[in-house]
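See below for the structure under consideration.
Keep in mind that the numbers below use all heavy atoms, side chains included, and drop hydrogens, waters and symmetry copies. Letters go in sequence order (proteins before strands), and every chain restarts at 1.
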Amino acid sequence: MIEIKDVYKSFGALEVLKGINLTVDKGEVLSVIGGSGSGKSTLLTCINGLEPINSGKILVDGTEVHAKSTDLNKLRRKIGIVFQQFNAFPHLTVLENVTLAPRKVLGMGKPEAEEIAVKQLEAVGLGEKAGVYPGRLSGGQQQRMSIARALAMSPSYMLFDEVTSALDPQLVGEVLDTLKMLADKGMTMICVTHEMSFARDVSDRVAFFHKGIMAEIAPPDQFFNAPQHPETQAFLSNIR
Amino acid sequence: MIEIKDVYKSFGALEVLKGINLTVDKGEVLSVIGGSGSGKSTLLTCINGLEPINSGKILVDGTEVHAKSTDLNKLRRKIGIVFQQFNAFPHLTVLENVTLAPRKVLGMGKPEAEEIAVKQLEAVGLGEKAGVYPGRLSGGQQQRMSIARALAMSPSYMLFDEVTSALDPQLVGEVLDTLKMLADKGMTMICVTHEMSFARDVSDRVAFFHKGIMAEIAPPDQFFNAPQHPETQAFLSNIR
Amino acid sequence: MFHTSMSWADVIFLAQGAWMTILVTVISVFLGTIFGIFFGVLRYQVGPWWGAPVTFVLDIFRSIPLLIQLVLVNAFLGIVLRLQISGFTVACGVLTFYTAAYCSEIVRGGIEAVPFTTRRASRSLGLTWLQDMRYIVGPLATRVALPSWIGLALGVMKDSALVYVVQVTELLKSTQILITRLQEPLFLLTIGGLFYFVISFPIARLGGYLEKRWSND
Amino acid sequence: MFSYTFQWNQALARLPQMLEGAVVTMEVAILSMVLGIIFAITLTGFRLSGNKFLNGIAVTWVEIARNTPALFQIYMAHFGVASFGIHFSPFTSLLIGITFNNAGYLAENFRGALKAIPDTQTRAARSLGMPAIMAFNNVILPQMLRISFLPMSNQMVWAVLMTSLGVTVGMNYDLYGVTQDLNALTFRTFELFAIAAVIFYIIVKIINFGARLIAARLFRY
Amino acid sequence: SADMLDDIIASGTLRCAVVLDFPPMGMRDANNNPEGFDVDYCNDLAKALGVKAEIVETPFPERIPALMGGRVDVGVASTSDTLERAKTVGFSIPYYAFENAVVGNDKAGMKTWEDMKGKTVGATAGTYEAIWMEGKIKEWGTGEFRPYQTQADVFLALSQGQIEATVSTVEVAEANVKSGKFPGIAIVDKAPMVPDYVGLFTMRQEYGLINYLNLFVNQQVRTGRYAELYKKWVGEGKPADLSISGVYR
Ligand SMILES: Nc1ncnc2c1ncn2[C@@H]1O[C@H](COP(=O)(O)OP(=O)(O)OP(=O)(O)O)[C@@H](O)[C@H]1O
Ligand SMILES: Nc1ncnc2c1ncn2[C@@H]1O[C@H](COP(=O)(O)OP(=O)(O)OP(=O)(O)O)[C@@H](O)[C@H]1O
Ligand SMILES: [Mg+2]
Ligand SMILES: [Mg+2]
């Protein structure tokens, strides 16, 4: 369970998160939508402790992320995250990309790590690309590789930050399919996305961010058909 | 008048133009279309003598372009050309870009050159950008600047090589409008283009290139409604 | 082509000078690179503000002639502190910091060339700072930095010709000593120059090749 | 803790002489830079000329300049070429040595810079009726100089530092030469060279700062 | 605590700064090993002290820095005992005295030392002769002076015609002219200089060692070793008188 309690976060003078309260249960799929600069990416990087917060608390399975005593490197094993920008490690093959963390962080042996990696790569449809360097992959394949890389750590939670928005339109589908597959398997996920159909069809709840505030959160039916907040209405009408 | 008589041109072993015959009259607007690699750009660079030819003749106002005795630098003043790739001179302001050739090549004084330049810049809608460096311009503005730069030499002919194809879709219109304006003023023009509506609406004749051959040439009505050559038909049906 | 009165003993003498050049270069480049990496990482890690003192000190090595650095350090250690330090040690010491000064710039540039997003991704997987440095930043920065580093190493080899001022008889000094005896300046200088060239040229070419290859992928 | 007594005033009394030397150092550096740039452009032209002989000259020059010590080059310019009966004064030898070195490094830089300028630039200029030389001077050269500006300012720093090698060919009125002469006279090695170091440092910083100013003024695009 | 004299004896090695391109005082043999008058003097001194000698080659400008840098214990380097230098290092009584000669390139066509006026001349940077010549050039207001890093470079430049004349000690001049390695040069005239007295030197405050050096020089003359070495390295004739009439020391 991820619990976010009254979180404030600024970059210098710029307030980016202004009191966020949110709980994501085990097995839940949450989609987060909102305008550019509304703080969605920042929230994700706060959840896995890549960014410090100014006040409030984030608890992951009861562990306070920003407590001094927390071993962040250990905590992060539980939380997979995939970003909008492609960030394959270009000097490692696809297989090595995926085995790196299990081997170095979890101390797994090479055969064991590779077994897991191959399984994950097959799950995302990249079984045949194991020996290839990421430079040879399309954007969509790179994103799927990043997902496999995160999954190889057997995380309890997966965070996705607009993983399709840097992709050419024809490649978006293959990545979304991968996300759907994960959701079907019962992974707990927070997906920042601009793909409304994905938010509508796959998620359990949809949250709308506006200028650092979570303006609205509701199951997709209600969210899309009867949005409460005027900003949500404006946002949705702009999209259609 | 531009007369192209049985022109052959190869790059090494690659035959790019295989006997082109074409005459463009004063005041005529000719659109050239055709598949990638069919030799359209090569033809234009042969017309202003940037590329040598293997055999045949090109006459511009009766002067043979590739004759040894021809002063190419002088000839080129008559022939403005704008390319697909942006090629503003980045170290000069927009005004300096446009005045450079009149001053250095025609030996014009600064005030006179600037007067002409401002007029041309205003004609292409860039009157306000005179003092700006090209790095600050959008692609469409850069192309319009290149057109003004060529026009400042008061050429008798203008050659355009897919001047819109490196542009974002929303910027294409502004450049095409500039071309239309030129055509309306009676400029003799050869426009290599992929914009069929432009070819149809503005040009007097449309030529279709295929693998180094000019397969078909006709007025737009006939060209688009009753293409004769099977390759033209295939090309046009692919586009629609 | 040349008539020379150079003897076998002279050839050996020159070879000793060449060996000294190589020895000084290898030691200085090796230690200088280690320090350079240390300072480079440090400067990157603490940021320009806190890194300023280190930057300032290292910058001195790049802003005054090597000849003066050698004379000054020699004079300071010996005359002022009265430490009994050999010229060889002084030469290696000064060249080490000279190397480190340039190397830290190269290292910092290399690290900065690793995209922030790549590093964020590795930390998100639970890699520690050190693991990130070792498995991700290190290999990626090396590709960016290696060509410049090769240039630096060759530069240090050539600049090591100046350590004669602290009584280290390296190649060029050996050449000069032989010129004193044999009076064949052009011939001897050509030999000396050729030696540097033969070492430097192929390695420089290798650097250029690596740069080209790695900038392509 | 120091048994050594610093005699700064003795050394500082010589400051005017050293500053005069600094002026000479700057003269050599600036001249060698100007000449170096001219030669570098010529060499770059040779390399692009397609003429095997000219290209050979350029490649030889560049590779020797880049792959042998500057000290060797300067020594060669004085004692080496004298074997052919050609005599240069210390000033000239130093200038030739540094110019040779500058030209080699700069030519390589210029070549890289030219590669970075798309050839559509030349094509555009030629299409406007400019002859080749005019197109190069007005369109290519300014862009090339901008790309090479930082390497050029670094080379200028190098040129200043290299003047210190003039002592090996009998140069005694540049900054390093003056300092060494004074040292022979008084043996206040540490003080004198420390002052020389400070002067060199200041010169280099002025160059860096000046380069930044010039770049800001010149390259507004 | 122990002084330098004790340190040398304790360490078992005496490190001497010697200039090795200054024949016949210091040079290299065919195997590039050091030899010469100064080299022998260093060996003698070491023997007297009962320690091993180590010859450290120093170019002229580097002699004093090498001492100050702790790289050598004593300079046996034909060093003129000027008052300016004595502010920094401590000199022994003179152990040798040079007469100086003007050496010219044949092409310059010089007859007397005064023909140097207006010529391009050179000498080893930081030597007694260099300082004297630079003074003369200033006095004449014409001509050019070039200091080189080593004595060898000076003669190379002279032989190549880069400079037209130099002043060097008679011993060095004769040795170089005789060697035949520098074609086209000849001794022109004596230089009208006060004889160039040279002393051994060490740290200024090491009185114990300086005392020892003084006695050593005295003993060398007394025992005839001075004359012997003169004969060995310089040749027939009488070595310079190291005493000066009318004053102590
Ligand atoms: N490291 C940082 N330093 C300073 N400001 C930052 C930093 N990261 C983000 N910001 C600012 O914080 C605000 C919120 O950024 P964030 O990336 O969280 O928005 P977002 O909702 O993800 O937007 P988008 O849809 O464009 O990705 C923006 O104004 C951004 O400029
Ligand atoms: N400078 C050159 N050297 C060698 N081959 C060239 C050169 N320029 C063009 N070609 C080749 O000549 C052929 C025709 O090129 P050209 O640019 O004229 O085609 P195009 O019709 O303009 O195509 P596109 O629509 O892609 O611009 C192509 O195969 C091209 O690769
Ligand atoms: Mg974002
Ligand atoms: Mg084309």
Side-chain angles (χ1 to χ4, degrees), chain D residues 2-11 13-14 17 21 24 71-72 74-94 96 164-174 176-194 196, chain E residues 1 4 59-70 75 79-80 82-89 105 107 120-131 133-135 137 144-150 152-164 166 184 201 203-206:
Chain D
F2 298 148
S3 60
Y4 183 79
T5 320
F6 292 100
Q7 297 186 357
W8 289 106
N9 52 352
Q10 270 227 31
R14 319 283 183 161
Q17 273 167 278
V24 177
L71 182 62
F72 164 81
I74 293 166
Y75 205 78
M76 203 70 177
H78 196 64
F79 291 110
V81 301
S83 300
F84 301 113
I86 308 166
H87 297 159
F88 296 118
S89 72
F91 183 91
T92 316
S93 308
L94 179 62
I96 292 174
S164 63
L165 306 180
V167 286
T168 54
V169 292
M171 181 78 186
N172 69 328
Y173 52 96
D174 65 316
Y176 190 91
V178 167
T179 311
Q180 186 183 282
D181 259 21
L182 292 173
N183 181 37
L185 223 52
T186 64
F187 286 147
R188 304 313 301 180
T189 309
F190 184 78
E191 293 89 330
L192 286 166
F193 279 100
Chain E
S1 68
M4 217 160 137
F60 274 104
E62 296 302 322
R63 287 172 296 185
I64 310 293
L67 170 76
M68 304 301 275
T79 309
S80 311
T82 68
L83 287 170
E84 187 79 42
R85 291 171 177 176
K87 290 179 191 166
T88 305
V89 297
N105 186 301
K107 293 210 187 86
T120 302
V121 300
T124 316
T127 57
Y128 187 67
E129 313 86 86
I131 295 164
M133 284 173 91
E134 213 166 355
I137 298 275
E144 186 190 339
F145 175 75
R146 293 182 189 170
Y148 287 94
Q149 294 297 289
T150 66
D153 282 349
V154 176
F155 277 90
L156 180 57
L158 182 66
S159 169
Q160 288 180 339
Q162 309 231 40
I163 55 173
E164 299 171 277
T166 182
F201 62 86
M203 298 304 288
R204 201 178 62 179
Q205 66 276 27
E206 293 295 337

Might you point out which heavy atoms bring [X] and [Y] nearest each other, and give the distance in Å?
| X | Y | answer |
| --- | --- | --- |
| D:P90 | E:R146 | CD-NE, 2.9 Å |
| D:T168 | E:D153 | O-OD2, 4.1 Å |
| D:A82 | E:Q162 | CB-NE2, 3.2 Å |

Contact part of E:A157 toward chain D, heavy-atom cut-off under 4.5 Å: side chain, backbone, both or neither? both
Given heavy-atom pairs under 4.5 angstrom as the criterion, report whether the side chain, backbone, both or neither of E:F145 touches chain D. both
Roughly how far, to the nearest 0.5 Å, is the CZ atom of D:F91 from the CD atom of E:E144? 11.5 Å
Nearest-0.5 Å distance, CG of residue D:N183 to CD1 of residue E:I64: 9.0 Å
Is any side-chain heavy atom of E:E134 closer than 4.5 Å to a side-chain heavy atom of D:D181? yes
Would a 4.5 Å heavy-atom cut-off, applied to side chains only, mark D:R188 and E:K87 as touching? no
D:F193 portion near chain E, given a 4.5 angstrom heavy-atom threshold: neither
With a 4.5 angstrom heavy-atom cut-off, which part of D:F88 approaches chain E: side chain, backbone, both or neither? backbone
Given E:E84, E:M203, E:Q160, the one with more heavy-atom pairs under 4.5 angstrom with chain D than any other is E:Q160
Heavy-atom pairs under 4.5 Å with chain E, option from D:S89, D:S83, D:G170, D:G177 with the top count: D:G170
